[in-house]
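See below for the structure under consideration.
Residue indices begin at 1 and follow the sequence shown.
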Amino acid sequence: MDWLWLVLTGVLCLLAGLALGFFIARKTMMNYLKKNPPINEQMLRVMMMQMGQNPSQKKINQMMKAMQRQQDKK
């Protein structure tokens with residue numbers, strides 16, 4: 001009977017560790033992406049120029065703010 005409790009305790013600890021690890025990793029990744037956004041102004045400018053648009057600084061600022069708002073919603 002002792003081995004049954006040992007196995008049950010091990011399985012419960014494993015499940016709790018997986019759940020806790022998932023949430024910690026998710027929170028860490030969200031903070032990393034907030035501090036280091038994947039797209040910056042220079043990359044946005046290059047993408048717009050490749051699409052044939054001549055971006056103004058105002059347009060780039062609007063797009064960066066829109067992306068920031070979208071990221072904050074999550």
With sequence neighbours left out, the residues meeting side-chain contact (heavy atoms from CB on, under 4.5 Å) with S56 are K58, K59
For residues 30-43, the side-chain hydrogen bond (donor to acceptor under 3.5 Å, both in side chains) pairs (sequence neighbours left out) are E41-Q57
Rounding to 0.5 Å, atoms CE (M30) and NZ (K27) come to a distance of 7.5 Å
Excluding M47, membership of its hydrophobic cluster (Ile, Leu, Val, Met, Phe, Trp, Tyr; side-chain heavy atoms within less than 4.5 Å) reads I39, M43, L44, M48, M51, I60, M63, M64, M67
Taking distance alone, no hydrogens or angles, what donor-acceptor pairs closer than 3.5 Å link side-chain atoms of residues 1-8 to residues at least two apart or in another chain?
none

Tracing side-chain contacts under 4.5 Å among Ile, Leu, Val, Met, Phe, Trp and Tyr outward from L20 reaches I24
